[in-house]
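Not measured: the values here are computed from a predicted model. Each chain gets a letter, A, B and so on, in the order its sequence line appears, and its residues count up from 1.
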Amino acid sequence: MKTARADWRYRLAIMSRTLAATAGGYALAAGFAAALTLGLVPFMPRVEAVLTATMLAWLAYALAAAWAFYARTAWGAWGGTLLPALALGACATTPQWTQWMRTAA
Amino acid sequence: MNLNTLPAGAAAAPQPAKTPKDREGFRQAMSWLHTWAGLVLGWLLFAIFLTGTLSFFKSEFNLWMRPEVHGLPAADAHVAPKALAALQRRVPDVTQWIMRLPDERDPAVTLLWRDTGNGRFETLRMNPQTGEAITTRDTMGGDFFYRFHFELRTAQKGRWAIQGRWVVGAATLMMFIALLTGIVTHRRFFKDFFTFRPAKGGQRAWLDAHNVSGVLVLPFYLMITFSGLMIFHTLYMPSGIATAYRSDKGIDSNAYFADLQGEKPERRVRRGASDKVDPLPPIALERIVDAASTRWSGGRIGTLQARRDAEGRAVVEVTRHEGDRLQYRPPRLLFDGVTGQWLEQADPTSPAVTTYGVLYGLHMARFAGPGMRWALFGFGLLGSLMIATGMVLWTVKRSARRQTPSQRKGAARDAATTSAPHTTTPRIPFGERLVTAINMATLGGLPLACGVFLASNRLLPLTTDHRADAELACFFSTWGMALLWGLWSTVVRPHRAGWSVLMAAGAAVWTTLPLLNAITTPTHLGITLPAGEWMWAGMDLSFLVTGALMGWLAWRLRPGRSRQHKAASTRTPRTAPEAALAATPDVSTSGA
């Protein structure tokens, strides 16, 4: 039953990619919005920074979803969405961490 | 554009990294994503798009469903103070009210008020000259289509509104992705745009229809989905706000909303369920209205509202009419309620906030006059058509594949059948029958349910308990029955009349609406047409056109037609650029 197994694996890969596109893509877009807001805040009013970053975040989401289905492997789909999401999330939370470290020290 | 494209590239045999092949691979991956993202939420999207399109005429539906307000006189210049006086005679201890002044789309004064700080608003409609209350039937009116299209509301005061917004948000995002990937997939869309060959029949005609309706108003779709996502960005994508509006007590969303609406945070009030609010003092409304009119020389006043701000002071907010500019919300003037003294203007003007306001305004289309409104309505219908043809295409494609199994050995096993609207054979896999059944319930059942909703507005006794919810029950039970009919005619006992019967039922309901209107109200076509009351006559005429369209579809989809039609179309093939036909992927299997 070689075909049945390929079919099962195929379905699993699709599920995985779909999840990467939706959840991973959302994580990436949310991280993008947060990090870009933080980057823009010194140059413009807060509300301007938030709206600019949020509008661009939807494009980031669409690109991430497209990547999840374009990547060679399902692992690539996850890596391509979650790694940038983590990096952006780390950027966005850096001020809090430094503040926390300062108060702890 | 099929199931087998991806595993071949993804799991089994990685493609060599050469530029032309890579580009092709990307296009195919996007095509695959386009197909599946489109199908999975296509049903929901069709419902959102269709009811959203109807919402462009929300006020007109509201009127039609409240025939009691027909024939009101033109508004009096001093309508606002009169209406307020009438409200105070009726309810002395009002703590907050919102008044919508009459305009060319809605002749009545609408007053929303509440007599505690919290709790729900009560609604009152009033005569625009005397300020006396008009008793109207209990109905959700056109607001049902409006609320349904973004929160899938199932009852007038539904509890699942936020969950509904999340579901709609996910669907909107899928639509956005489907649009962007659709641009990649249909890269030759300028050519496709001039290619419509209905006589070819089958897959080719459906694909052409999908492409034409997709390309024609692509900017509109991009605008409507993107602005839809942005309108609810505080719900869907709050991470930017969480970063920039962090305070000691968590996230200061109140400050964000104040910035977004160009007002001072201290004027915004958030009261809890148990907060006691003092009733409003006497308001200097006449003076405030005069001052606002002078300030906006020539601009109309849309709404007035009075409330107590965070310091307990009575404040009156005057909002300019929504039709006066594209950006939403319109500018607002704040006055001290007791002295009538002008306090400030709330109107954000910075670039990103203005961009957001323009997106919001484009989505709501409150700026649009009748011509623009009809144009947007047409775009919305084309959008519904694009989604509908895409969903039918999904099944038609599988039908085409079954007819040429030698070309797709791998595909033959999973997709060995047909489920096109007018060709149903007994050996269809369950999944495809299910898709066809849901297609039927959505494409045929939803318009039918909308018609029944409007009919129930005229037929339900005026004394029915929870009448507005009873109308909704009519809508949802009709829709449910359409789904049962779809399942019956494709899964349980396959036969060819499924689509045709649904469309015929829809045609019957929609053409009966003007008749029902004539029997149950004094506002029928025989009166409204000679009097030139286009607002009322237009509704009845549009219902007739809808009925005629559905009737035409029922005729086209009747059983037995497809075979004659196919015979005719193979005899006289319509000439299309053969080169384009051969170069376009996925058309090697002609559906005819």
Chain A heavy atoms under 4.5 Å from [X]: which part of the residue, side chain, backbone, both or neither?
X	result
B:Leu180	side chain
B:Ala170	neither
B:Tyr245	both
B:Pro351	both
B:Leu173	side chain

Of all the heavy-atom pairs spanning [X] and [Y], show the shortest one and how long it is.
X	Y	answer
B:Ser239	A:Ala33	OG-CB, 3.4 Å
B:Val353	A:Glu48	N-OE2, 2.9 Å
B:Ala244	A:Val41	CB-CG2, 4.0 Å
B:Phe176	A:Trp58	CE2-O, 3.7 Å

Side chain from CB out, backbone as N, CA, C, O: work out which of these in [X] comes under 4.5 Å of a heavy atom of chain B, or both, or neither.
X	answer
A:Ala53	neither
A:Ala65	both
A:Ala29	both

- Sort out for me which residue in B:Tyr256, B:Phe257, B:Tyr356 forms a side-chain contact (heavy atoms from CB on, under 4.5 Å) with A:Val47.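 The side-chain contact (heavy atoms from CB on, under 4.5 Å) with A:Val47 is passed solely by B:Tyr256 among B:Tyr256, B:Phe257, B:Tyr356.
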- Taking B:Leu179, B:Ile177, B:Thr243 one by one, which has the highest count of heavy-atom pairs under 4.5 Å against chain A? B:Thr243
Out of curiosity, [X] [atom1] to [Y] [atom2], how far, rounded to the nearest 0.5 Å?
X	Y	atom1	atom2	value
A:Leu51	B:His233	CG	NE2	5.0 Å
B:Asp252	A:Arg46	CG	CZ	7.0 Å
A:Thr54	B:Leu229	OG1	CG	11.5 Å
A:Tyr26	B:Met237	OH	CE	5.0 Å

- Message: Run the salt bridge (charged side-chain N to carboxylate O under 4.0 Å, His left out) test against B:Asp259 and tell me which residues pass, sequence neighbours left out.
- Response: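 Once residues adjacent in sequence are excluded, B:Asp259 has no partner under the salt bridge (charged side-chain N to carboxylate O under 4.0 Å, His left out) criterion.
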